[in-house]
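Accompanying notes for the structure given below.
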Amino acid sequence: MSVVSGPVRVRFAPSPTGYLHIGGVRTALFNWLFARHYGGQFVLRIEDTDEKRFVDDAAADIMASLRWAGLDWDEGPDIGGPFGPYVQSQRHAEGIYATYSTQLLEAGLAYMSFTTEEELAQMRAAAEAQGIKSFRFRGPERAWPLEQQQEMAARGRPFTIRLKTPLEGETRFQDLVRGGDQIVVQHSQLQDIVLIKASGMPVYHFAHLVDDHLMQITHVMRAEEWVPSTPYHVLLYHAFGWNLPVFAHLPVILRQDGKGKLSKRKDDILTNRFWERGYLPEAMFNYLALQGWSYDDHTELMSRDEIIERFTIERVQPSPARWNPDKLKDLNGLYIRRLTTEQVAERLLPYLTKAGLIADPPTADERAYVVSLTPLIHERLVELSEAPDLLEFFFREPSPGPEGYDPALLVPKKMEAAQTAELLRAAHEALSQVKIWGIEQVEAALRALVARLEVKPGPLFGAIRVAVSGRTVAPPLFEMLVALGRERTLARLERGYTALG
RNA sequence: GCCCCCAUAGUCUAGCGGCCUAGGACGUCACCCUUUCAAGGUGAAGAUCGCGGGUUCGAAUCCCGCUGGGGGUACCA
């Protein structure tokens, strides 16, 4: 029997204070999978109540990142929906939060607090100086009648609205990911948190909760870092007399070194970087699904549809996972190899264009050429962005010397330069006589040369490889020569032995 | 400091009282294939299931303590 019954409405509610990192995508992904698996709705809501850290293009970037990862939403800022608007600053402008904070004020469950930030900072410092272990703020106004609070406000004193947290007792709540036991927090550990800032803008604790209620969110799936503040949320639901959503706190993704959670400030884990670096969204999707969720004891490679079908909250585990780029790379390579030549070629074009190897947009000839080159590197690719480097010598002439590659690379181990030059000259001679420039013919000619000169294939092929590509590591030789064409092959061999004197 | 959460190899994980002499994957190493590099194939090393107590005929699995790690402690989210 499933632990989930009834309708399902979940949301992903990022704040546009920075670009999306993969931890954020994972949270979005799990919400999305949950909605898709149980046939519910996935809502995107922008929580832009942080006026200080607001980043102008962050919301657009976040949405682009989600789309890249293959996530779509049923309701959101760009497409609207029955519970709009889906941007908190707009909802604030409509007076939604003020309506509800007033309700709490009138019920005596919240109060206007006239203590300023500066005063609060001083109080905290003073407490610390006195060796007081933990400072929990409860404003003196919690005892005031509402009229007195309003009088102060009328006199122009700036105020925040704080939750009047109970002094005694405890709050408990259940978490779907942690199952079993309830999480219990003593009220003595709480303080009177700010609900509405002096600017009139609500804080997360208040805004998200009002919106979750109004948008009829049934399951709140968010990162584990929210567990400690959940008691405040439970208290608020009770204050309003609203039904609680089901909580499911997802394990955080730890940094690669295990020291702390992923941060937006570290740009190597920003989602938009993964497109640039040549990651396939389907590989990222698969990788992220496996961060905190598993299907069984051996299945890892799964399509989007398979994951949707198999995803259940029961199989989400509570312990944090560590960011593992090696694993992602492995999956990416696996996914690249599963694509057809044409599909890979198509995905390679933007990277080649960006590197300036082909035109923007690519011509028909360039496209065809890239399709013909793709098999040479297809199974060698781990990141699509490696393609320009691997294919560069097909588009630009490598030359021995200070401007190009080191001529010493031409000379195989245990061999002299003059000897190598002879080898390359012989190869030039042999290849210039090949009638049909095909893989079999080129191979036959070079194998015959190996036999005739009584040399090992390794050193000879190695010298040719360098002469033709300017590097010691390259795609298979015969395929490479054929893709290069007779003219360019011969010209490069000649330049090779000329450089060796 | 205080509060909360978590705990199986370097990493991600399977395991939800006997199928475990702990399974899979990444990474590492070796060998095979081979013109380089990959890919692929075969195999290996790597976990006293963090430690200590219980409960039970029997514990990686349940309970308690400790330790370690992580998170929170803002008029940030």
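To find a chain, count down the sequence lines: A is the first, B the second, and so on, and within it residues start at 1. The structure presented is a predicted model; accordingly, all values stated were derived computationally and were not measured.
- Taking 4.0 Å as the cut-off between side-chain N and carboxylate O, A:Glu386 and A:Lys329 do not count as a salt-bridged pair.
- Here the C1' atom of nucleotide B:G69 and the CZ atom of A:Arg255 are 14 Å apart, to the nearest Å.
- A:Lys456 comes within 4.0 angstrom of no nucleic acid atom, judged by non-hydrogen atoms across all strands.
- Shown here are the side-chain contact (heavy atoms from CB on, under 4.5 Å) partners of A:Ser372, two or more places apart in sequence or in another chain: A:Tyr369.
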Under-3.5 Å N/O pairs linking protein and nucleotides 22-26 of chain B:
{"residue": "B:G23", "atom": "N2", "partner": "A:Asp297", "partner atom": "O", "Å": "3.0"}
{"residue": "B:G24", "atom": "O4'", "partner": "A:Asp297", "partner atom": "O", "Å": "3.4"}
{"residue": "B:G24", "atom": "N2", "partner": "A:Glu300", "partner atom": "OE2", "Å": "3.4"}
{"residue": "B:A25", "atom": "O2'", "partner": "A:Glu300", "partner atom": "OE1", "Å": "2.7"}
{"residue": "B:A25", "atom": "O2'", "partner": "A:Lys327", "partner atom": "NZ", "Å": "2.1"}
{"residue": "B:C26", "atom": "O4'", "partner": "A:Lys327", "partner atom": "NZ", "Å": "3.4"}
{"residue": "B:C26", "atom": "O2'", "partner": "A:Lys327", "partner atom": "N", "Å": "3.4"}

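- Among the heavy atoms of the strands, none lies under 4.0 Å from A:Gly333.
- Between A:Phe247 and A:His249, the ring planes lie parallel to each other; the angle is under 30°, not in the 30° to 60° tilted range.
- Sorted by first and then second residue, the pairs that involve residues 286-304 of chain A and meet salt bridge (charged side-chain N to carboxylate O under 4.0 Å, His left out), not counting sequence neighbours, are A:Glu300-A:Lys327.
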With sugar-phosphate taken as primed atoms, P, OP1 and OP2 and all else as base, the protein-contact string of nucleotides 59-65 of chain B at under 4.0 Å (heavy atoms; B, S, -) is -------
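- If you take OH of A:Tyr295 and C1' of B:U13, they are 16 Å apart, rounded to a whole angstrom.
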Within the 4.0 Å limit for protein heavy atoms, which parts of nucleotides 29-48 of chain B are touched? Write it as a string from 5' to 3', B for base, S for sugar-phosphate only, - for none. ------BBBBSS--------
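- Across B:G50 and B:U67, the matching C1' atoms stand 8 Å from one another, rounded to whole Å.
- As rounded to whole Å, 17 Å separates atom C1' of B:G10 from atom CH2 of A:Trp323.
- Every residue two or more places apart in sequence or in another chain was checked for a side-chain contact (heavy atoms from CB on, under 4.5 Å) with A:Lys413, and none qualifies.
- For the pair A:Arg347 and A:Leu280, the minimum side-chain heavy-atom distance is below 4.5 Å.
- For residues 114-129 of chain A, the set of pairs meeting the salt bridge (charged side-chain N to carboxylate O under 4.0 Å, His left out) definition, not counting sequence neighbours, is empty.
- Every side-chain contact (heavy atoms from CB on, under 4.5 Å) that A:Glu306 has, sequence neighbours left out, goes to A:Met302, A:Ser303, A:Arg310.
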When you look at A:Tyr204 and A:Ser15, which way does the side chain to side chain contact (heavy atoms under 4.5 Å, CB included) test go after all the steps? CA-CA 9 Å; A:Tyr204 169 85; A:Ser15 78; over 6 Å; no
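- Using P as the reference atom, B:G68 and B:A74 are 25 Å apart when rounded to the nearest Å.
- Salt bridge annotation for A:Lys197-A:Glu51: present, with a cationic side-chain nitrogen under 4.0 angstrom from a carboxylate oxygen.
- B:C26 and B:G10 make up a base pair, with Watson-Crick or G-U wobble contacts both under 3.5 Å.
- Atom OH of A:Tyr295 sits in a sparse spot, with 12 or fewer heavy atoms from other residues, nucleotides or ligands closer than 6.0 Å.
- To the nearest whole angstrom, the two P atoms, one in B:A25 and one in B:A44, are 12 Å apart.
- With sequence neighbours left out, A:Phe461 forms a ring-ring contact (aromatic ring centres under 6.0 Å, His included) with A:Phe478.
- The separation of B:C20 from B:C16, taken at their C1' atoms, amounts to 14 Å, rounded to a whole angstrom.
- The partner of B:G18 is B:C57, judged by Watson-Crick or G-U wobble contacts that both fall below 3.5 Å.
- Taken from CG in A:Leu190 to CG in A:Leu235, the straight-line distance is 6.5 Å, to the nearest 0.5 Å.
- In this structure, A:Lys329 does not reach the B:G27 phosphate: none of its side-chain N or O atoms is under 4.0 Å from OP1 or OP2.
- The same atom, P, is picked in B:C2 and in B:C12; the two are 29 Å apart, to the nearest Å.
- Residues passing the ring-ring contact (aromatic ring centres under 6.0 Å, His included) test with A:Trp323, sequence neighbours excluded: A:Phe274, A:Tyr287.
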Pull out every protein N or O sitting under 3.5 Å from an N or O of nucleotides 2-8 of chain B, one pair per line with the distance.
{"residue": "B:C2", "atom": "O2'", "partner": "A:Arg136", "partner atom": "NH2", "Å": "3.4"}
{"residue": "B:C2", "atom": "O2'", "partner": "A:Gln189", "partner atom": "OE1", "Å": "3.1"}
{"residue": "B:C3", "atom": "O4'", "partner": "A:Gln189", "partner atom": "OE1", "Å": "3.4"}
{"residue": "B:C5", "atom": "O2'", "partner": "A:Arg178", "partner atom": "NH1", "Å": "2.9"}
{"residue": "B:C5", "atom": "O2'", "partner": "A:Glu224", "partner atom": "OE2", "Å": "3.0"}

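- Taking atom CD of A:Glu225 as the reference point, atom P of B:A74 lies 15 Å away to the nearest angstrom.
- In this model, the phosphate group of B:C75 is not approached by any side-chain N or O of A:Arg53 to a distance below 4.0 Å at OP1 or OP2.
- As judged by a 4.0 angstrom heavy-atom cut-off over every strand, A:Glu117 is placed among the base-contacting residues.
- Using C1' as the reference atom, B:C26 and B:A9 are 12 Å apart when rounded to the nearest Å.
- For A:Leu254 and B:U13, the CG to P distance is 10 Å, given to the nearest whole Å.
- The side-chain contact (heavy atoms from CB on, under 4.5 Å) check on A:Ala153 picks up A:Met112, A:Phe114, A:Phe159, with sequence neighbours excluded.
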